[in-house]
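Not measured: the values here are computed from a predicted model. Whatever order the structure lists ligands and atoms in, that order sets their numbers, starting from 1. Side chains are part of it too, since the values below use all heavy atoms of this structure and drop only hydrogens, waters and symmetry mates.
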Amino acid sequence: MRRVLVTGGCGFIGCNFLRLMVRERPGVEWVNLDALTYAGWPENTEDFADADNYRLVRGRIEDGMLVEALFAENGGFDAVVNFAAESHVDRSIAGPRVFVETNVLGTQTLLEAAHRHGTSRFVQVSTDEVYGSLGPEDPPFTEESPLQPNSPYSASKASADLLCRAYHETYGMPVIVTRCSNNYGPYQYPEKLIPSFIRHALEDRPVPLYGDGMNIRDWLHVEDHCRGVALVLDEGEPGEVYNIGGGNEHTNLEITGIILDALGKPQDLISFVTDRPGHDRRYAIDSSHLRRTLGWKPKHAFEEGLRQTIEWYLQNQKWAATVLTGASA
Ligand SMILES: NC(=O)c1ccc[n+]([C@@H]2O[C@H](COP(=O)([O-])OP(=O)(O)OC[C@H]3O[C@@H](n4cnc5c(N)ncnc54)[C@H](O)[C@@H]3O)[C@@H](O)[C@H]2O)c1
């Protein structure tokens, strides 16, 4: 049986990835290493947690002894997909250190173990934020765009990307990096823009929008991201970087307006608040490399995907209360 180590599989994107993989690939054993931080919840995996080909291990990716012990079991892993990260920019501004520990040291710990055990594929899930910010007329980021991270979060992710590159160049390790734009979809921790704004609106609380609300993000449905990662896992070229993006640029103000409309709430719930320091103005990603070389294309149209996502959060308010407070509503 093939064995794949997925890290951070109790978080937003990791649980959506495992939900697809555990069901569609029963011949693979999926081992999920997750620290179960505030953002990682076994509840996110409830519908597949009992599958014979799935196992959750609670632990930190920067814990070298634990990681080594996992790789030493049952002949090690055929592949690693590293989703585990501290992922919230605001938290990285308030406390950068854990971002370095998890995102940089954790990635290096996994790379080291994968190298020592001859793992034949290592996919590092990164972000478009490593490229920094675009001006209004700039073309979207390509894989050749310079790394110019502006927040401690994006700097830690860029550092991990560079370690991946170095492990490929120095040791010939089969490492592949993916850089994705903003994801939306079910199971996103409700501190992030879309689920947080839905929750505020449902409770008739002001929806806090940074600055003038004109920051632009390129949105991609989480399932389309996961399909891209799976494709890269199967067919990606070692040493390559693949951008994954939806080509759906919207201002935060537009997204907020759509959410309020969909929930039948008035636009005057919008409350402009002091901007985030170093707030990137615009992200847009050119994913033509992945489209051209591996044939990836997103399936979810943005308007319909966002409508379904809003509906999911409406239907799963108990889930949101559980993950926000640690107790069922
Ligand atoms: N959410 C997005 O829009 C987006 C976009 C592009 C890239 N990414 C990247 O995708 C990955 C997943 O993002 P997400 O939104 O699912 O994040 P998330 O915060 O929802 O989940 C992170 C998961 O990692 C786990 N984790 C945190 N620290 C850990 C540690 N030290 N050891 C083991 N597990 C740990 C958490 O418990 C959680 O389950 C991240 O690497 C992120 O940088 C996210």
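- Near Val125, meaning under 4.0 Å from one of its heavy atoms, ligand 1 places the atoms 10 (O), 41 (O).
- Here's the thing with Leu33: none of its N/O atoms is less than 3.5 angstrom from an N/O atom of ligand 1.
- Contacts with ligand 1 closer than 4.0 Å are made by side-chain heavy atoms of Glu62 only, the backbone lying farther away.
- Looking only at protein heavy atoms, the nearest one to atom 16 (O) of ligand 1 is Ile13 N, 2.8 Å.
- Protein heavy atom closest to atom 18 (P) of ligand 1, with residue, atom name and distance, is Ser87 OG, 3.6 Å.
- Annotation: atom 3 (O) of ligand 1 to nearest protein heavy atom, Asn183 N, 2.9 Å.
- With a 4.0 Å cut-off on non-hydrogen atoms, Lys157 touches ligand 1 through its side chain and not its backbone.
- A donor-acceptor pair under 3.5 Å is formed between the side chain of His200 and the backbone N or O of Ser196.
- Taking any N or O of Ala84, backbone or side chain, none lies under 3.5 Å from an N or O belonging to ligand 1.
- Looking only at side-chain heavy atoms (C-beta outward), Arg307 and Glu303 stay at 4.5 Å or farther from each other.
- At under 3.5 Å, not a single nitrogen or oxygen of Cys180, backbone or side chain, sits near a nitrogen or oxygen of ligand 1.
- Closest approach of Val232 to Arg121, counting heavy atoms only: O-NH2, 3.6 Å.
- When hydrogens are left out, the protein atom nearest atom 21 (O) of ligand 1 is Gly11 CA, 3.4 Å; that is the closest non-hydrogen contact.
- With hydrogens left out, the protein atom closest to atom 7 (C) of ligand 1 is Ser126 O, 3.1 Å, a heavy atom.
- Remark: minimum distance from atom 40 (C) of ligand 1 to any protein heavy atom is reached at Phe83 O, 3.2 Å.
- Atom CZ of Arg165 has 12 or fewer heavy atoms from other residues, nucleotides or ligands within 6.0 Å.
- In terms of polar-atom proximity, Thr102 is counted as a contact of ligand 1, with an N or O under 3.5 Å from an N or O of the ligand.
- In this comparison of Ala85, Ala35, Ala160, the heavy atom closest to atom 34 (N) of ligand 1 sits on Ala35.
- Atom 32 (N) of ligand 1 has its closest protein heavy atom at Ile61 N, 3.0 Å.
- With ligand atoms numbered from 1 in the order given, ligand 1 contributes 32 (N), 33 (C) to contacts under 4.0 Å with heavy atoms of Gly59.
- Here the closest non-hydrogen pair linking Val28 and Trp30 is O-CD1, 3.3 Å.
- Backbone and side-chain nitrogen or oxygen atoms of Thr37 are examined, and one is located within less than 3.5 angstrom of a nitrogen or oxygen of ligand 1.
- Within 6.0 Å of CZ in Arg97 there are 12 or fewer heavy atoms belonging to other residues, nucleotides or ligands.
- Any N or O atom pair closer than 3.5 Å counts here, and Asn82 shares no such pair with ligand 1.
- Other residues, nucleotides and ligands contribute only 12 or fewer heavy atoms inside 6.0 Å of the CG atom of Asp52.
- Within a 6.0 Å sphere centred on CG of Asp204, heavy atoms belonging to other residues, nucleotides or ligands number more than 12.
- Residue Arg60 places at least one N or O, backbone or side chain, under 3.5 Å from an N or O of ligand 1.
- Remark: Glu249 engages Arg282 in a salt bridge, criterion side-chain N to carboxylate O under 4.0 Å.
- Looking at Asp34 next to ligand 1, an N or O pair under 3.5 Å apart turns up.
- Residue contacts with ligand 1: Asn182 is placed with no nitrogen or oxygen under 3.5 Å of a nitrogen or oxygen of the ligand (distance criterion only).
- In this structure, Cys15 does not count as a contact residue of ligand 1, since none of its heavy atoms falls inside 4.0 Å of the ligand.
- When non-hydrogen atoms are compared, ligand 1 lies under 4.0 Å from the side chain of Tyr153 (C-beta onward) but not from its backbone.
- Ranking protein heavy atoms by distance to atom 15 (O) of ligand 1, first place goes to Phe12 CD2, 3.6 Å.
- Although no hydrogens or angles enter the test, the distance criterion places no donor-acceptor pair under 3.5 Å between the side chain of Asp161 and the main chain of Ser126.
- Between Tyr242 and Glu240, the closest heavy-atom pair is CE1-CB, 3.6 Å.
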Under 3.5 Å, which donor-acceptor pairs link side chains of residues 78-88 to any protein atom two or more places apart or in another chain?
from, atom 1, to, atom 2, distance (Å)
Asp78, OD2, Arg3, N, 2.7
Asn82, OD1, Thr7, OG1, 2.5
Asn82, OD1, Ala84, N, 3.4
Asn82, ND2, Thr107, OG1, 3.3
Asn82, ND2, Gln124, OE1, 2.9
Ser87, OG, Lys192, NZ, 2.9

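- In this structure, the side chain of Asp34 does not engage the main chain of Gly59 through any donor-acceptor pair within 3.5 Å.
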